[in-house]
Amino acid sequence: MKLHNTLSREVEKFEPIDARLVRIYSCGPTVYDHIHIGNLSSFIFADTLRRVVMASGYKVKHVMNFTDVDDKTIRRSQEKYADLAPIEVLMKLTSEYSGVFLDDMKAVGNNVDAIDFVKATDSIDSMRTLIKELHEAGFAYVADDGIYFSIDKYRKSGKKYGQLTEITASSTSEARIQNDEYDKESVHDFALWKKQKTNEPAWPFELDGQDLAGRPGWHIECSAMSSGALGQPFDIHTGGVDLMFPHHENEIAQSTATKDDPTYAKYFAHNEHLLIDGNKMSKSLDNFYTLEDIRQKGFDPLAFRLLVLQAHYRKQAHFTWDNLEAAQNRLFNLYTFADLKHQPNAMSDVIEEQAYEGYEKFIDGQITDLGNDLDTPIALSSLSTYTRHIASKGYRQGIQAFLEALDRLYGLELSTRPDITDEQKQVIAERDKAKSDGDWQKSDELRDQLTDQGIGLRDTSKGAIWSRLRTR
RNA sequence: GGCGCCUUGGCGGAGCGGUUACGCGGAGGUCUGCAAAACCUUAUAGGCCAGUUCGACUCUGGUAGGCGCCUCCA
């Protein structure tokens, strides 16, 4: 398979560090609130990447973190629950929203069972260890409000700061310098550890006999958790394009400063933003939606998944309700196709007929398409064409396995569509009889009865075929 | 200002130097006792100006517009 690597800015052949196990790290959510659908699209990308790597024949270890301690989680937890100790309210808030996050993940078809989740607050120890190593090696210095990483030192050690983006002195905005309120030596330097302020949760930390009780910086969390869970270097690091700088750049610097090998992750895969009204969704602009908004408008969360998969992950996609409706119609068409598996009437008489290529060969083609830097739009395009063929020609033996294979690739839950009830089947049988008796009135009554239950019928030369009616 | 990306038919959204993307929506039709959300067929493109080429939506240069990052951020 091939994958675009931000390190080279090219689509590269994917060659794992160790072919026995591909190790993927995805920057996860900050669990202080509902995530918005832009965040969700990023996780749909990460989930799909893992599916494609697995379909290409690899075993995968996929790790995602929960950022459960940072400015936002602390602030929000204290706004929400004022009466408890700082650490307790933090845990209360973050465990609540971790649960909400996992529910959202499942709802949009991301396989959370295939991901190892790591909480930042469970990894404080390895963060302290890493910071101490950096300090001993001279890459970190203690300031009044915390411990900082020295980019100057890192550069002087011979490694490149700016592997993902071009970082130059002139690329830093004036505003950035003027608004700089931290007590650090140089503009780009970033906090590894922040000393406790009043009423903040804190973890003990001693360095050279100084009491530096406080909490980790954002970047160090990912460095510690990724190498803790996956070792270093690992294969693929994913995240949104906005994380390239400074977050991923800083992760690289922290994680490689004391190492001989300058490689932190072999591949960096970044997804583009989901735009709304032509702009990036953000909490500050208040122009975002959550999955709850999508549900409230009567849409299937999986329609959102399909909307995301219809566009290439490295291109900005546009979210509108019209687009979501189109995606939902497309999804329901796939469901109508999947529902045929319950209906012998929709099966082809001529099993050997090669009117369309076999299921296995088609799936191989899908994997090839998806393996081409996750070309989901092209793969879905051929899927549409293929399912249309099958729907018109009649399916063959093995459709259930076929649907399961599609689900492994796309997570659209095609293989688990339920059959109609026995009572409904009985009504169809009675209508068949009424029809053959020429009793059109009774036949139409029975058909209306099913319509009320959300089941539509169409008559074919082999008999009636049902489909679920659109609810929206 | 620095770095990067994008501009396709009614909407969304792809690949490709010469042949249908695909989806939704629209139009026409088929099967039917009627009907159909099912199937079939179909129309509508490639910001603008040059260049390369036998030939460009696809390559090159310019230009206009848009977006992202440079600060927490998927």
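So that the names make sense, note that chain A is the first sequence line, chain B the second, and so on, each numbered from 1.
Contacts of His273(A) with the nucleic acid, taken as non-hydrogen atoms under 4.0 Å apart, include base atoms. Arg431(A) comes within 4.0 angstrom of a base, heavy atoms only. Contact annotation for Leu457(A): base contact, defined as any heavy-atom pair under 4.0 Å involving a base atom. Residue contacts shown for Arg314(A) are absent, as no nucleic acid heavy atom lies under 4.0 Å away. Within the nucleic acid shown, Arg458(A) comes within 4.0 Å of at least one base atom, counting heavy atoms only. Backbone-only contact: Thr385(A) has heavy atoms under 4.0 Å from sugar-phosphate atoms and none from a base. Looking at heavy-atom distances under 4.0 Å, Asn279(A) makes contact with sugar-phosphate atoms alone, never a base. Gly278(A) comes within 4.0 angstrom of sugar-phosphate atoms only, judged by non-hydrogen atoms across all strands, and of no base. Within the nucleic acid shown, Asn323(A) comes within 4.0 Å of sugar-phosphate atoms alone, with no base atom in reach, counting heavy atoms only. Contacts of Arg447(A) with the nucleic acid, taken as non-hydrogen atoms under 4.0 Å apart, include base atoms. Among the atoms of the strands shown, base atoms are found under 4.0 Å from some heavy atom of Leu274(A).
Below the 3.5 angstrom threshold, one finds no donor paired with an acceptor across the side chain of Ser381(A) and the base of rG13(B). Asp242(A) contributes no side-chain N or O that forms a donor-acceptor pair with the base of rC70(B) under 3.5 Å. Judged by atom type and distance alone, Asp322(A) does not reach the base of rG25(B) through any side-chain donor-acceptor pair under 3.5 Å.
Nucleotide rC69(B) is matched to rG2(B) when pairs are restricted to Watson-Crick or G-U wobble geometry with both distances under 3.5 angstrom. Nucleotide rA38(B) forms a pair with rU30(B), judged by Watson-Crick or G-U wobble geometry with both contacts under 3.5 Å. Pairing for rA21(B) is absent, judged as Watson-Crick or G-U wobble with the two contacts each under 3.5 Å. rG61(B) is paired with rC49(B) under the Watson-Crick or G-U wobble criterion, all donor-acceptor distances under 3.5 Å. The nucleotide rA14(B) finds no pairing partner, because no Watson-Crick or G-U wobble arrangement with both distances shorter than 3.5 Å includes it.
With distances taken from any side-chain atom of Lys72(A) to the nucleotides rA74(B), rG12(B), rC72(B), the minimum falls on rC72(B). Comparing rC69(B), rC24(B), rG23(B) by their nearest atom to the side chain of Asn329(A) picks out rC24(B). Minimum atom distance to the side chain of Ser41(A) is reached by rA74(B), of the listed rA74(B), rA21(B), rG33(B). With distances taken from any side-chain atom of Lys280(A) to the nucleotides rA74(B), rG23(B), rA36(B), the minimum falls on rA74(B). The side chain of Ala311(A) lies closest to rA14(B) when the candidates are rC3(B), rC69(B), rA14(B). In the set rA74(B), rG33(B), rG23(B), the nucleotide with an atom closest to the side chain of Trp440(A) is rG33(B). Comparing rA74(B), rA37(B), rG12(B) by their closest approach to the side chain of Asn39(A) singles out rA74(B). Here rG23(B) is the nucleotide among rG68(B), rG23(B), rA21(B) with the atom lying nearest to any side-chain atom of Arg388(A). Comparing atom distances between the His312(A) side chain and each of rG33(B), rA14(B), rC39(B) picks out rA14(B) as nearest. Listed candidates were rC39(B), rA21(B), rG68(B). Nearest to the side chain of Ser392(A) is rC39(B).
Between the side chains of Tyr264(A) and Ser226(A), at least one donor N or O lies within less than 3.5 Å of an accepting N or O. Residues Ser123(A) and Glu221(A) bring no donor and acceptor atom of their side chains to less than 3.5 Å of each other. Checked by atom type, the side-chain pair Asn65(A)/Tyr25(A) shows a donor-acceptor distance below 3.5 Å.
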Any chance you could lay out the ring-ring contact (aromatic ring centres under 6.0 Å, His included) test for Phe117(A) and Phe66(A), step after step, and finish with the verdict? CA-CA 7 Å; Phe117(A) 292 96; Phe66(A) 284 132; 5.3 Å; yes
Could you walk me through whether Lys197(A) and Asp71(A) pass salt bridge (charged side-chain N to carboxylate O under 4.0 Å, His left out), step by step? CA-CA 11 Å; Lys197(A) 292 178 192 156; Asp71(A) 292 339; over 6 Å; no
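Using P as the reference atom, rG62(B) and rG4(B) are 14 Å apart when rounded to the nearest Å. Using atom P as the reference point in both rA50(B) and rA56(B), the two lie 14 Å apart (nearest Å). Spacing of C1' atoms, rA21(B) relative to rA14(B), comes out at 6 Å, to the nearest Å. The same atom, P, is picked in rG46(B) and in rU58(B); the two are 11 Å apart, to the nearest Å. Rounded to the nearest Å, the gap between the C1' atom of rG13(B) and that of rA37(B) is 24 Å. rA43(B) and rC48(B) have their C1' atoms separated by 26 Å, with the value rounded to a whole Å. Going from the C1' atom of rC49(B) to that of rU44(B) covers 26 Å, rounded to whole Å. Atom name C1', nucleotides rC59(B) and rC67(B): the rounded distance is 24 Å, in whole Å.
The environment of NZ in Lys425(A) is crowded: more than 12 heavy-atom neighbours from other residues, nucleotides or ligands sit within 6.0 Å.
For the pair Arg417(A) and Tyr335(A), the cation-pi test (distance below 6.0 Å, angle within 45°) is passed.
Both Ser382(A) and Gly239(A) sit near RNA chain B, but only Ser382(A) has its closest nucleotide nearer the 5' end. Comparing Ala317(A) and Thr165(A) by the nucleotide of RNA chain B whose heavy atom lies nearest to each, the residue mapping closer to the 5' end is Thr165(A).
Using a 4.0 Å cut-off, some side-chain N or O of Lys315(A) falls inside it from OP1 or OP2 of rA14(B).
To the nearest 0.5 Å, atom OG1 of residue Thr290(A) and atom CG of residue Asp293(A) are 4.0 Å apart.
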